[in-house]
Amino acid sequence: MTTRRTFLQTSLLGAGALALPKAFSSAAGKSSRAKVVSTWDFGVGANGAAWKVLAAGGAALDAVEAGARWAEADLCNPTVGHCGNPDRDGVLTLDASIMAGDGRCGSVAALEDIDHPISVARAVMEKSPHVMLVGAGAQQFAVQQGFAKKKLITPEAAQRWREWLKTAEYKPQINAERAKLPGNKDNHDTLGMLALDASGNLAGACTTSGMAWKLHGRVGDSPIIGAGLYVDNDVGAATASGQGEEMIRNAASHLVVELMRQGRSPAQACREAIDRVVHKRPEASKTLQVCFLAMNKDGEVGAFALHKGFVYAVCDAAKQDALLDSQSVYTTEQT
Ligand code: ASP
């Protein structure tokens, strides 16, 4: 997996293109306005999976599900999917949401022992009368829908939890662990993905194992529509990563979309939402990471973070593996 240290240093809206994979370039004609963007360095791989759908003329909703499934299956990722770090009781609980630009949405929270929570979230959206299912009920629904129930926690994650138990200190880090250790061992980071398809439809997906060492039953922003993800075909889409409690307090992804509706660019909207987070809790903001990523209906992309270190991946017909460095309020990397 790509590490944060390998990202390209580029301007906020500029794109540092790497070589264009042949498999992607052949289909580019079908998807001239299609685009997919994702949070963090593993967003490059997730975008690649989503791009296969978009480049073939597929729907944004199918693309974001494919991209999120890729991230959930990434064996090296302790913050998303079945390799995620558990809570403080040693239980792995997964959160995910999916939303289409016409307002359809579904999510699962605190889901245990079911792989691919993003597909369960889509099933909630398409096969239940509800938007959100949690815990045992989400698991029951998933099994009824044909998802296999299996023990998900990996030996590596269980070992990380045993190490953590030695201090049992719950102290969310800004980017420190992830930056410091090989193999991406941070105690947070979510895949948030936004896609625009060739027909002009938007969709988004968010998937995570949440904050490592959280209280059992804690739900972050990622499965909460409007907090970790919001999509509106009339305006644009936004997603978030970082300390989920701050996104929930501010209905933050919805806020970003509403700011775009009022005329802000995606970058301006993300910046203003970050300012709101700081305004609400100036002291806490010094020690927490909050990151927003947005795309408007024209495919313009922007991001902003509280602290330095947030990177996001952008993929379109011109270039598939750009990784950009977000601007931030605090410009010195803190630990
Ligand atoms: N937002 C996620 C949560 O609070 C974690 C993260 O994105 O880092 O669960």
Side-chain angles (χ1 to χ4, degrees), residues 34-39 43 46-47 49-50 53-54 58-72 80 94-109 111 116-134 138 141 190-197 199-208 210 219-241 244 247-248 250-261 266 269-270 273 291-297 299 301-303 312:
K35 185 174 280 190
V36 57
V37 298
S38 294
T39 53
N47 282 356
V53 177
L54 293 174
L61 192 63
D62 294 331
V64 296
E65 184 186 8
R69 285 180 66 91
W70 182 93
E72 289 168 348
V80 176
L94 301 176
D95 295 343
S97 63
I98 191 162
M99 187 166 192
D102 59 6
R104 285 176 299 143
C105 52
S107 75
V108 287
L111 179 65
H116 292 306
I118 196 65
S119 295
V120 185
R122 185 165 180 176
V124 171
M125 176 176 95
E126 293 179 337
K127 295 179 179 154
S128 89
H130 307 303
V131 164
M132 185 173 194
L133 293 177
V134 305
F141 171 78
T190 292
L191 178 85
M193 171 177 274
L194 310 171
L196 174 68
D197 65 27
S199 307
N201 288 310
L202 288 159
C206 212
T207 183
T208 189
V219 172
D221 59 311
S222 309
I224 297 179
I225 299 298
L229 178 69
Y230 198 72
V231 185
D232 184 337
N233 268 348
D234 292 341
V235 179
T239 189
S241 183
M247 281 62 117
I248 297 170
N250 290 284
S253 290
H254 183 258
L255 173 62
V256 172
V257 171
E258 293 309 302
L259 287 166
M260 290 194 287
R261 195 189 306 275
C270 291
C291 317
F292 297 124
L293 176 61
M295 176 160 64
N296 66 20
K297 65 184 168 99
V301 178
Y312 61 102

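Since this is a predicted model, take the numbers as computed values, not measurements.
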**OP:** Under the salt bridge (charged side-chain N to carboxylate O under 4.0 Å, His left out) rule, collect the residues that match up with Arg261, sequence neighbours excluded.
**Re:** Asp232, Glu258

Please name the pair of heavy atoms, one in [X] and one in [Y], separated by the smallest distance, quoted to 0.1 Å.
X      : Y      : answer
Ala195 : Leu54  : CB-CD1, 4.3 Å
Ala238 : Val257 : N-CG2, 3.8 Å
Gly67  : Leu191 : O-CD2, 4.0 Å
Val256 : Ala269 : O-CB, 3.5 Å
Glu65  : Ser119 : OE2-OG, 2.6 Å

Subject >> Asp102 vs Asn233, side chain to side chain donor-acceptor pair (under 3.5 Å): CA-CA, chis, key distance, verdict >> reply: CA-CA 6 Å; Asp102 59 6; Asn233 268 348; over 6 Å; no

Quick one: does [X]'s side chain get under 4.5 Å of [Y]'s, heavy atoms only?
X      : Y      : result
Ile118 : Met193 : no
Val301 : Pro266 : no
Leu194 : Leu202 : no
Ser107 : Met132 : yes
Glu126 : Arg104 : yes
Val124 : Phe141 : yes
Leu94  : Thr207 : no

**OP:** Could you tell me the separation between the NE2 atom of His116 and the CD atom of Glu72, rounded to the nearest 0.5 Å?
**Re:** 6.0 Å

Subject >> Gap separating the CG atom of Leu229 from the NE2 atom of His254, nearest 0.5 angstrom >> reply: 12.0 Å

In chain order, what residues pass the side chain to side chain donor-acceptor pair (under 3.5 Å) check against [X], with sequence neighbours excluded?
X      : value
Thr239 : none
Asn250 : Lys280
Ser38  : Asn47
Asp234 : none

Original post:
Applying the side-chain contact (heavy atoms from CB on, under 4.5 Å) test to Cys206, which of Ser222, Pro117, Ser241, Pro223 qualifies?
Top reply: Ser222

Original post:
Is a donor on one side and an acceptor on the other found under 3.5 Å between the side chain of Asp197 and the backbone of Ala59?
Top reply: no

**OP:** Keeping the roles fixed (side chain from Thr190, backbone from Gly192), state whether a donor-acceptor pair exists under 3.5 Å.
**Re:** no

**OP:** Kindly determine whether Asp62 and Arg122 satisfy side chain to side chain contact (heavy atoms under 4.5 Å, CB included), including the steps that lead there.
**Re:** CA-CA 10 Å; Asp62 294 331; Arg122 185 165 180 176; 2.7 Å; yes

Subject >> side-chain contact (heavy atoms from CB on, under 4.5 Å) partners of Ala240, counting only residues at least two apart >> reply: Asp221, Met247, Ser253, Phe292

